[in-house]
Protein chains: 2
Amino acid sequence: MLETATQSASFACKRDDHEHCIASALATAERLCAERGVRLTRLRRKVLELVWSNHRPVGAYELLEQLKSCGPAAPPTVYRALDFLQTQGLVHRLASLNAFIGCSHPQAEHTAQFLICRRCRNLAELADDGLSNAVAASARTVGFQAEEQMVEIVGLCEPCRRKGEG
Amino acid sequence: MLETATQSASFACKRDDHEHCIASALATAERLCAERGVRLTRLRRKVLELVWSNHRPVGAYELLEQLKSCGPAAPPTVYRALDFLQTQGLVHRLASLNAFIGCSHPQAEHTAQFLICRRCRNLAELADDGLSNAVAASARTVGFQAEEQMVEIVGLCEPCRRKGEG
DNA sequence: CTATTGATGTTATACTATAACATAACATTG
DNA sequence: CAATGTTATGTTATAGTATAACATCAATAG
Ligand SMILES: [Zn+2]
Ligand SMILES: [Zn+2]
Ligand SMILES: [Zn+2]
Ligand SMILES: [Zn+2]
């Protein structure tokens with residue numbers, strides 16, 4: 001499959017595909033961690049599964065509640081797992097929501113942009129290299145060397161736009 | 001003075017100009033609030049002054065401590081003032097830092113981008129309409145209608161870049 | 001096996017933000 | 001001015017987010 005510069009996820013995922021979408025994310029994570037020689041432990045795997053199961057930006061304490069159903073868990077438990085998953089590029093943190101979301105293409109290095117629908121609360125991840133370059137270029141005009149970008153966009157996704165302002 | 005699409009502030013402000021820079025921000029705020037028929041009360045004005053005095057992204061509880069030196073103050077005191085100032089476009093909130101900064105050109109409608117130096121912790125505000133349009137256009141490619149943008153860029157400002165990685 | 005390292009458990013605490021209700025200041029108007 | 005409605009502030013409590021510090025456990029490596 002040819003990959004375009006701009007990829008999106010989550011808005012596109014139908015409810016029916018969702019089990020597959022979780023399984024696929026976990027399989028990719030297993031593979032990447034094996035390749036990298038890092039340990040996707042049961043706990044970390046479980047947290048990643050929960051992140052994908054929610055299928056929308058989810059807070060650390062929400063994950064904690066869900067995690068408690070399979071054993072004891074305290075805040076550091078979930079934050080440590082999330083730190084690992086972020087380091088491995090398997091989840092992203094959304095600064096404007098204090099929430100986490102599974103990365104939809106963790107196999108590729110990318111700077112991501114996030115589209116947050118204010119109506120249905122769903123999220124899509126872009127990896128628009130052109131946009132990312134434009135951001136870096138804009139910073140460079142004032143002599144600033146960009147290293148990390150946080151681009152989070154709030155608005156209406158297509159389905160919600162069709163349904164009207166509601 | 002001709003204004004270009006991309007404006008920057010804060011990195012450019014020398015320490016010597018800083019008193020003037022605070023006074024000017026307060027004067028502009030007074031004028032804008034008068035024009036709009038909203039009340040820049042003593043408390044709100046004081047909070048805005050503190051935001052500018054710090055001259056870098058500053059947390060609500062830092063402001064609270066500073067505010068306590070002129071009377072009683074609790075968290076809601078400072079958060080309410082900040083809410084007002086944000087609504088009037090006089091300060092911006094930085095989602096990635098949980099911090100606030102004075103807007104460097106509150107007289108004009110704009111979507112801002114923020115450059116955060118990881119070394120000196122200073123911040124510059126851009127208002128690059130071209131970039132803002134590029135962000136909106138990128139969202140539109142997947143049918144998303146952008147309404148609010150959060151663009152926060154971490155890296156090295158020019159002076160810090162010259163001084164080396166440190 | 002044992003030393004070393006990395007991962008998890010556990011408790012406490014720091015930091016960020018808002019809810020809820022009481023009081024005070026300000027504005028309108030009769 | 002007095003009565004009233006409205007906006008702003010004071011005050012207390014609590015919700016929500018994240019990390020420090022230290023103990024224990026599990027997985028390698030020698
Ligand atoms: Zn991603
Ligand atoms: Zn939507
Ligand atoms: Zn601004
Ligand atoms: Zn710097």
Side-chain angles (χ1 to χ4, degrees), chain A residues 29-30 33-34 36-51 54 56-88 90-101 116 121 150 152, chain B residues 29-30 33-34 36-51 54 56-88 90-101 116 121 150 152:
Chain A
E30 293 279 12
C33 288
R36 293 169 187 171
V38 298
R39 290 165 54 194
L40 186 63
T41 61
R42 196 154 46 135
L43 179 63
R44 291 164 174 175
R45 191 189 149 96
K46 182 64 189 175
V47 170
L48 181 59
E49 183 188 335
L50 288 174
V51 166
N54 283 276
R56 56 169 184 82
V58 57
Y61 278 71
E62 281 181 90
L63 291 170
L64 180 56
E65 280 314 302
Q66 297 169 19
L67 200 53
K68 278 178 178 167
S69 64
C70 10
T77 309
V78 66
Y79 279 105
R80 283 167 183 157
L82 288 169
D83 281 350
F84 170 84
L85 296 169
Q86 281 179 268
T87 300
Q88 296 304 320
L90 297 169
V91 309
H92 295 291
R93 180 171 185 276
L94 298 155
S96 66
L97 300 176
N98 294 328
F100 301 84
I101 190 84
I116 303 162
R121 294 277 143 196
M150 195 214 70
E152 299 177 20
Chain B
E30 293 279 12
C33 288
R36 294 168 186 171
V38 297
R39 290 165 54 194
L40 186 62
T41 61
R42 192 155 48 135
L43 178 63
R44 291 165 173 173
R45 192 189 147 97
K46 181 65 190 173
V47 170
L48 182 60
E49 184 188 338
L50 288 174
V51 166
N54 282 275
R56 57 170 182 79
V58 57
Y61 279 70
E62 282 181 89
L63 292 170
L64 180 56
E65 280 315 302
Q66 297 169 20
L67 199 54
K68 278 177 177 168
S69 65
C70 13
T77 309
V78 66
Y79 279 105
R80 283 167 183 156
L82 287 170
D83 280 349
F84 170 84
L85 296 170
Q86 281 180 266
T87 300
Q88 297 305 319
L90 298 168
V91 309
H92 294 291
R93 180 172 183 275
L94 298 155
S96 65
L97 301 177
N98 293 328
F100 301 84
I101 191 83
I116 304 163
R121 294 275 143 197
M150 270 148 297
E152 300 175 21

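Just so you know, these numbers use all the heavy atoms, side chains as well, and skip hydrogens, waters and symmetry mates.
- Considering B/Leu48, B/Asp83, B/Ile101, B/Val47 as possible partners of B/Val91, the one that fulfils the side-chain contact (heavy atoms from CB on, under 4.5 Å) test is B/Leu48.
- Looking at residues two or more places apart in sequence or on another chain, you find no side chain to side chain donor-acceptor pair (under 3.5 Å) involving B/Gln86.
- C/dA17 atom P lies 11 Å from atom CG of B/Leu63, rounded to whole Å.
- Rounded to whole angstrom, the span from the CZ atom of B/Phe84 across to the C1' atom of D/dT7 amounts to 11 Å.
- We find that CD of B/Gln86 is positioned 14 Å from C1' of C/dT16, with the value rounded to whole Å.
- One interatomic measurement links the two molecules: NZ of B/Lys68 to P of D/dG10, which rounds to 13 Å at whole-angstrom precision.
- Looking at residues two or more places apart in sequence or on another chain, you find no salt bridge (charged side-chain N to carboxylate O under 4.0 Å, His left out) involving B/Arg44.
- Residues of residues 38-45 of chain A having a heavy atom closer than 4.0 Å to DNA chain C, listed by number: A/Arg39, A/Thr41, A/Leu43, A/Arg44.
- With sequence neighbours excluded, no residue forms a side chain to side chain donor-acceptor pair (under 3.5 Å) with B/Thr77.
- Checked against side chain to side chain donor-acceptor pair (under 3.5 Å), A/Arg36 has the following partners two or more places apart in sequence or in another chain: A/Gln88.
- Residues forming a salt bridge (charged side-chain N to carboxylate O under 4.0 Å, His left out) with B/Arg93 (at least two apart in sequence, or on another chain): none.
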Considering only distance and modelled atom types, tabulate donor-acceptor pairs under 3.5 Å from the side chains of residues 65-76 of chain B, sequence neighbours left out.
{"unit_1": "B/Glu65", "atom_1": "OE2", "unit_2": "B/Lys68", "atom_2": "NZ", "d": "3.4"}
{"unit_1": "B/Gln66", "atom_1": "OE1", "unit_2": "B/Asn54", "atom_2": "ND2", "d": "2.9"}
{"unit_1": "B/Gln66", "atom_1": "NE2", "unit_2": "B/Asn54", "atom_2": "OD1", "d": "3.1"}
{"unit_1": "B/Ser69", "atom_1": "OG", "unit_2": "B/Gln66", "atom_2": "O", "d": "2.7"}

Short heteroatom pairs, N/O only, protein and nucleotides 17-20 of chain D, under 3.5 Å:
{"unit_1": "D/dA18", "atom_1": "OP1", "unit_2": "A/Arg93", "atom_2": "NE", "d": "3.2"}
{"unit_1": "D/dA18", "atom_1": "OP1", "unit_2": "A/Arg93", "atom_2": "NH2", "d": "2.2"}
{"unit_1": "D/dA18", "atom_1": "OP2", "unit_2": "A/Tyr79", "atom_2": "OH", "d": "3.0"}
{"unit_1": "D/dA18", "atom_1": "O5'", "unit_2": "A/Tyr79", "atom_2": "OH", "d": "3.4"}
{"unit_1": "D/dA18", "atom_1": "N7", "unit_2": "A/Tyr61", "atom_2": "OH", "d": "2.7"}
{"unit_1": "D/dA18", "atom_1": "N6", "unit_2": "A/Tyr61", "atom_2": "OH", "d": "3.3"}

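- Taking all atoms of both residues into account, the shortest heavy-atom contact from A/Glu152 to A/Ala95 is OE2-N, 2.9 Å.
- In this entry the distance linking CG of A/Leu82 with P of C/dA7 reads 15 Å, nearest Å.
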